[in-house]
Amino acid sequence: MDISTDPVQRSALVTGANKGIGLAVAEGLLKLGMTVFLGARDVDRGTASVAALTALGLDARFVQLDVTDQRSVDAASATIADDAGALDILVNNAGTLVTPIRPPSATSLDEIRRTYETNVFGVVAVTNAMLPLLRRSAAARIVNLTSDLGSLTLASADENFPQLLAYNSSKTALNAVTVAYANELRSEGILVNAVSPGSVATDQNGHAGVLTTEQGARLPIRMATLASGGPTGIAVTADEDLDHHLLAW
Ligand SMILES: NC(=O)c1ccc[n+]([C@@H]2O[C@H](COP(=O)([O-])OP(=O)(O)OC[C@H]3O[C@@H](n4cnc5c(N)ncnc54)[C@H](OP(=O)(O)O)[C@@H]3O)[C@@H](O)[C@H]2O)c1
């Protein structure tokens, strides 16, 4: 099996890439000349998105990936190992928002568990499964899609902060996961950061966001392609002018 020693990034996996921000991130990385594995839990939705990209002459490849299903995660890792031998970029994009705004006390444990399965445990499962492949890269980067809604600094400063206990706390937990992996992998040169993409019009928010998916993909792509020696263990957020700045945990 070939082990890449070239610092140029060649391959990426984006989870939840059949639509929304994930699809736009995949397309952006493809247009940089990479091979991109589009992870999607649904075969029809995933292959349709891949077909649209390959029709543009891009090296998009479908990989079935339900981040809440360990067998699916392991199979995806095996497929990428066979196909590419290594992985330069992992974008943990798949996410879910299962509950409408309502008081925390009216949120069920089942809603919280379902949210965490995807937004937190899914990220840990995929990251662990892909780490052996990322360690074969000379410039591995991990990007986790977080949200301003996961910021304890912002939440504690605003009594009218949106009441989304399951989603918000899942992103807070994801931030902690990001810092933990950044600390573990720092000495290996693997940069791990969290990105809040801004308010992006997607199915998740009924297309109420103000940014296009292409605009929302810019910051994740930037953090996925950081030069060696770049930041690790930080969160960045995009505002409506597409400026970006540090997001306070
Ligand atoms: N939109 C925003 O303004 C915004 C703001 C902050 C953060 N984010 C974050 O950005 C990420 C992308 O969100 P989006 O707005 O693009 O949402 P979206 O359009 O609803 O897309 C979510 C993607 O995640 C996939 N997914 C959900 N559960 C999955 C699972 N168990 N396994 C694999 N894939 C799964 C979905 O697949 P299916 O099509 O099969 O459901 C879909 O491809 C999320 O992590 C979200 O929390 C979004």
Side-chain angles (χ1 to χ4, degrees), residues 2-17 21-39 53 58-61 80-81 83-93 123 126-148 174-198 200 211 213-239 241-249:
D2 279 337
I3 296 178
S4 174
T5 53
D6 187 334
V8 174
Q9 295 176 308
R10 295 199 186 93
S11 60
L13 166 65
V14 182
T15 68
I21 297 165
L23 178 58
V25 170
E27 183 168 353
L29 294 173
L30 283 161
K31 287 180 174 170
L32 292 175
M34 295 183 204
T35 297
V36 178
F37 295 89
L38 280 81
L53 294 167
L58 301 168
D59 189 7
R61 305 186 191 184
I80 296 169
D83 239 29
L87 192 63
D88 298 306
I89 294 168
L90 168 61
V91 180
N92 285 308
N93 165 80
V123 172
V126 172
T127 301
N128 288 345
M130 299 303 158
L131 257 183
L133 298 173
L134 291 162
R135 285 186 159 122
R136 293 183 190 143
S137 166
R141 309 287 178 253
I142 299 173
V143 176
N144 296 332
L145 268 288
T146 187
S147 168
D148 287 24
L174 176 63
N175 292 345
V177 166
T178 302
V179 171
Y181 278 93
N183 286 340
E184 177 184 353
L185 301 172
R186 191 184 307 263
S187 64
E188 299 177 53
I190 301 177
L191 307 179
V192 187
N193 292 297
V195 173
S196 174
V200 183
L211 302 178
T213 55
E214 192 184 353
Q215 291 171 325
R218 283 191 200 171
L219 202 42
I221 291 170
R222 178 193 288 252
M223 299 308 280
T225 55
L226 284 174
S228 296
T232 190
I234 65 167
V236 290
T237 185
D239 64 22
D241 299 322
L242 288 183
D243 285 337
H244 66 277
H245 46 86
L246 275 180
L247 174 63
W249 303 117

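Within the model, atoms CG of Leu32 and CD of Glu27 stand 11.0 Å from one another, a figure rounded to the nearest 0.5 Å. Distance CG/Leu174 to CG/Leu145: 8.5 Å, rounded to 0.5 Å. From Ile80, atom CD1 reaches atom CE of Met130 across 4.0 Å, with rounding to the nearest 0.5 Å. The distance from atom CD1 of Ile142 to atom OG1 of Thr178, rounded to the nearest 0.5 Å, is 9.0 Å. Note that CG of Leu226 is 6.0 Å distant from CG of Leu191, once rounded to the nearest 0.5 Å.
Between Arg141 and Leu134, the shortest heavy-atom distance links the atoms O-CD2, 4.4 Å. The minimum heavy-atom distance linking Ala24 with Ile221 is given by the pair O-CD1, 4.3 Å. Taking every heavy atom of both residues into account, Ala86 and Arg136 meet most closely at CB-CB, 3.7 Å. Heavy atoms only, all atoms of each residue included: Pro220 and Val25 are closest at CB-CG2, 3.9 Å. Contact detail for Glu188 and Glu184: the closest heavy-atom pair is OE2-O, 4.2 Å. Contact record, Gly233 with Asn193: N-OD1, 3.0 Å, taken as the closest heavy-atom pair.
Side-chain atoms of Leu131 and Leu185, non-hydrogen and from C-beta on, do get closer than 4.5 Å to each other. Considering only heavy atoms from C-beta on, Met223 comes within 4.5 Å of Ile234 through its side chain. Two residues are said to be in side-chain contact when any heavy atoms from C-beta on lie closer than 4.5 Å; Met34 and Ile89 meet this criterion. Between Val200 and Thr213 there is a side-chain heavy-atom pair separated by less than 4.5 Å.
Residues passing the side chain to side chain donor-acceptor pair (under 3.5 Å) test with Thr146, sequence neighbours excluded: Asn175. In this view, Glu214 satisfies the salt bridge (charged side-chain N to carboxylate O under 4.0 Å, His left out) rule with no residue, not counting sequence neighbours. Scanning for side chain to side chain contact (heavy atoms under 4.5 Å, CB included) contacts around Arg61 gives Thr35, Phe37, Asp59, Asp83, with sequence neighbours left out. Every side chain to side chain contact (heavy atoms under 4.5 Å, CB included) that Ala60 has, sequence neighbours left out, goes to Leu30, Leu38, Val50, Leu53, Thr54. A search for side chain to side chain donor-acceptor pair (under 3.5 Å) contacts involving Ser147 returns nothing, not counting sequence neighbours. Looking at residues two or more places apart in sequence or on another chain, you find a side chain to side chain contact (heavy atoms under 4.5 Å, CB included) between Val179 and Asn183, Trp249. For Arg186, there are no salt bridge (charged side-chain N to carboxylate O under 4.0 Å, His left out) partners, not counting sequence neighbours. Listed by chain and number, the residues in a side chain to side chain donor-acceptor pair (under 3.5 Å) with Thr127 are Asn92 (sequence neighbours excluded). Scanning for side chain to side chain donor-acceptor pair (under 3.5 Å) contacts around Asn93 gives an empty result, with sequence neighbours left out.
Between the Ser196 side chain and the Asp148 main chain, a donor and an acceptor come within less than 3.5 Å of each other. Judged purely by atom type and a 3.5 angstrom limit, Asp88 uses its side chain to pair as donor or acceptor with the backbone of Arg10.
Taking a 6.0 Å sphere around CZ of Arg135, one finds it holds more than 12 heavy atoms contributed by other residues, nucleotides or ligands.
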